[in-house]
Amino acid sequence: MPQIAQIAATYASQIFWLLVVFGLIYFVIGKGMLPKIEATVDARDQKIASDLAAAEAARGAADETEAAYRARIEEARAAALKATQDAKSAATAEAEKRVKAADEALAAKAAEADAALKAAQAKALAEIETVAAEAAQEIVAKVSGIEVDKAAAAGAVKSALAA
């Protein structure tokens with residue numbers, strides 16, 4: 001069987017060349033290119049780790065800045081609230097003073113008006129008494145024909161008004 005002998009000879013040469021190719025691949029790729037690829041992957045991993053650390057540090061700084069900003073905002077808000085309350089209390093005190101002064105002025109005007117009203121009332125009452133005394137004199141003179149003097153007529157009117 002010559003075909004089997006020929007297969008064995010061909011088979012041996014194929015195994016030889018297969019081992020040479022695998023050896024070449026192993027040394028070229030495994031020993032030459034793989035360390036460079038691993039170095040690149042390690043460099044990328046280190047770069048990513050350093051970027052993450054820098055991002056975490058920046059985030060911490062941003063959190064501190066935000067906390068300081070919020071604290072300043074709260075202080076400003078508290079100061080504004082205090083200023084508003086102070087202004088409100090000052091305005092209230094000023095308004096109370098103006099209301100009190102206006103009340104005093106109104107009370108003084110009311111007292112003056114009351115005094116003027118009482119004076120006018122007294123004057124009107126005196127005039128009414130005078131007119132009533134004169135009317136009584138004339139009525140008595142017309143009805144009875146007797147002349148009554150002014151003092152007697154005024155006394156009669158006063159006693160009638162007092163009752």
Side-chain angles (χ1 to χ4, degrees), residues 22 25-163:
F22 278 143
I25 289 173
Y26 174 75
F27 284 109
V28 170
I29 293 177
K31 297 292 182 181
M33 292 173 64
L34 189 61
K36 290 179 185 176
I37 293 170
E38 286 178 345
T40 302
V41 169
D42 289 342
R44 284 180 55 196
D45 287 346
Q46 289 176 356
K47 173 79 170 139
I48 290 170
S50 67
D51 288 348
L52 288 174
E56 187 63 33
R59 183 172 150 204
D63 288 344
E64 289 176 8
T65 303
E66 182 183 5
Y69 172 74
R70 287 183 189 269
R72 284 196 317 259
I73 290 294
E74 287 302 319
E75 289 173 5
R77 203 173 278 158
L81 182 63
K82 185 180 183 315
T84 302
Q85 288 174 345
D86 290 346
K88 187 177 180 181
S89 64
T92 302
E94 181 64 31
E96 287 176 0
K97 287 180 185 176
R98 282 188 272 153
V99 166
K100 187 175 180 181
D103 282 346
E104 290 174 358
L106 287 175
K109 284 184 180 180
E112 289 174 11
D114 191 36
L117 183 63
K118 285 183 181 178
Q121 187 179 16
K123 183 178 176 185
L125 188 58
E127 288 179 9
I128 288 173
E129 286 178 0
T130 305
V131 169
E134 288 174 0
Q137 275 180 332
E138 288 177 15
I139 290 173
V140 168
K142 282 185 181 180
V143 171
S144 66
I146 302 173
E147 290 272 334
V148 179
D149 66 354
K150 239 180 184 175
V157 168
K158 280 188 181 183
S159 67
L161 288 177

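For this chain, numbers begin at 1 and follow the sequence in order.
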Does E147 have more than 12 heavy atoms from other residues, nucleotides or ligands lying within 6.0 Å of its CD? no
Working to the nearest 0.5 angstrom, can you tell me the gap between M33 CE and E38 CD? 12.5 Å
Does the pair E112/K109 count as a salt bridge with the N-to-O cut at 4.0 Å? no
Nearest 0.5 Å, please: how far is CG in D42 from CD1 in I37? 12.0 Å
Can you name the closest pair of heavy atoms from D149 and A152 and give their distance? OD1-CB, 2.9 Å
To the nearest 0.5 Å, what is the distance between CD on E56 and CZ on R59? 5.0 Å
Would you call R70 and E74 a salt bridge, using N to O less than 4.0 angstrom? no
Closest heavy-atom contact between G30 and P35? O-CD, 3.6 Å
Atom pair CD (Q121) and CG (D114), whose distance is rounded to the nearest 0.5 Å: 9.5 Å
When rounded to the nearest 0.5 angstrom, what is the spacing between CG in D51 and CZ in R44? 12.0 Å
